[in-house]
Chemist: 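Right, I'll just put the structure down here and ask away after.
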Amino acid sequence: MADIEGADIERAGRDGRTPKRRVAVLISGGGSNLQALLDAAAAPDYPAEIALVVSNVAGVHGLDRAAKAGVPTVTLPHRDFDDRAAFEAAIAENLASNAIDLICLAGFMRILTADFVRAWEGRMLNIHPSLLPAFKGRDVQARALAAGVKISGCTVHLVTADLDDGPIVAQAAVPVAADDTVASLSARILAEEHRLYPRALAWLAAGALKVADGQVQLTGAVTSSERLQSPGI
Ligand code: GRF
């Protein structure tokens, strides 16, 4: 079988024979990554559709973005629930009633329990604004600047029970300038996030992504260079 290029994978839904995977995007804020996914999914040949947006924070801009795109939204403020299990049960109920196949975490600021993560093993992606495994957790850009790193970036990975720790799907590297601030570095990274996340989701949705020995393998179709963006480096 001839290898097909990654770009072909991103077009995999085009023939109309392959049903698009139904994706829920979980957010807590502005949702610029959600917007990038919505924009990519608007293409008829993209192999996934954004079918649901879940926010744990009311009134965030990401909810407006979803509504504008005609995507159903649900707001589940975590404080309204007795505990984490009840909160996640409500999420799970909405995922089930919307026949969701895949989840993208996009600035979702709640840690999910191991039980929830296990139920979605291999079907849930996250984007993180560092070159993992460096700088897991919060305040990432400030910590990167304080450490004096010369290169930073972002990572799309499959979600596992350990925070920011799952198998890496793709990364983008950006230079760190001597006069960078948290804001300027975040903006440079965010621009790459918006290019990287739709690509990674396309690979997952097209079934091109497998995990073996804790490492992501892209089934012969995507070249290793497509898994690393490095503009300006
Ligand atoms: C992004 O930097 C993402 O990597 C991190 O949270 C931020 C979300 O930004 N997980 P947005 O809401 O998508 O604009």
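Below, each value reflects all heavy atoms present in this structure, side chains not excepted, and no hydrogens, waters or symmetry copies. Quick note: residue numbers are just sequence positions, from 1. Whatever order the structure lists ligands and atoms in, that order sets their numbers, starting from 1.
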Chemist: Does ligand 1 come near enough to N33 that some N or O of the ligand is less than 3.5 Å from an N or O of the residue?
Modeler: yes
Chemist: Should the proximity of I27 to ligand 1, defined as any heavy atom under 4.0 Å, be assigned to the side chain, the backbone, both, or neither?
Modeler: neither
Chemist: Which residue holds the protein heavy atom closest to atom 4 (O) of ligand 1, what is that atom called, and what is the gap in Å?
Modeler: E193 OE1, 2.7 Å
Chemist: Output yes when K136 and D162 qualify as a salt bridge under the 4.0 Å nitrogen-oxygen rule, no when they do not.
Modeler: no
Chemist: I'd like to know if the side chain of R84 and the backbone of T113 have a donor-acceptor N/O pair within less than 3.5 Å.
Modeler: no
Chemist: Out of S28, G31, G107, indicate the one that has the non-hydrogen atom closest to atom 12 (O) of ligand 1.
Modeler: G31
Chemist: Between F108 and S28, which heavy-atom pair has the shortest distance, and what is it?
Modeler: CA-OG, 3.3 Å
Chemist: Do V156 and N126 touch side chain to side chain, with heavy atoms closer than 4.5 Å?
Modeler: no
Chemist: Just distances here: any N/O of G29 and N/O of ligand 1 closer than 3.5 Å?
Modeler: no
Chemist: Would you please determine whether P129 falls within less than 4.0 Å of ligand 1 on a heavy-atom basis?
Modeler: yes
Chemist: Which residue supplies the protein heavy atom nearest to atom 10 (N) of ligand 1, what is that atom called, and how far is it?
Modeler: I127 O, 3.0 Å
Chemist: Do L34 and ligand 1 have an N or O pair less than 3.5 Å apart?
Modeler: no
Chemist: Check this for me - ligand 1, Q141, N or O atoms closer than 3.5 angstrom, yes or no?
Modeler: no
Chemist: If you measure from the Lys or Arg side-chain nitrogens to the Asp or Glu carboxylate oxygens, is any gap between R195 and E192 under 4.0 Å?
Modeler: yes
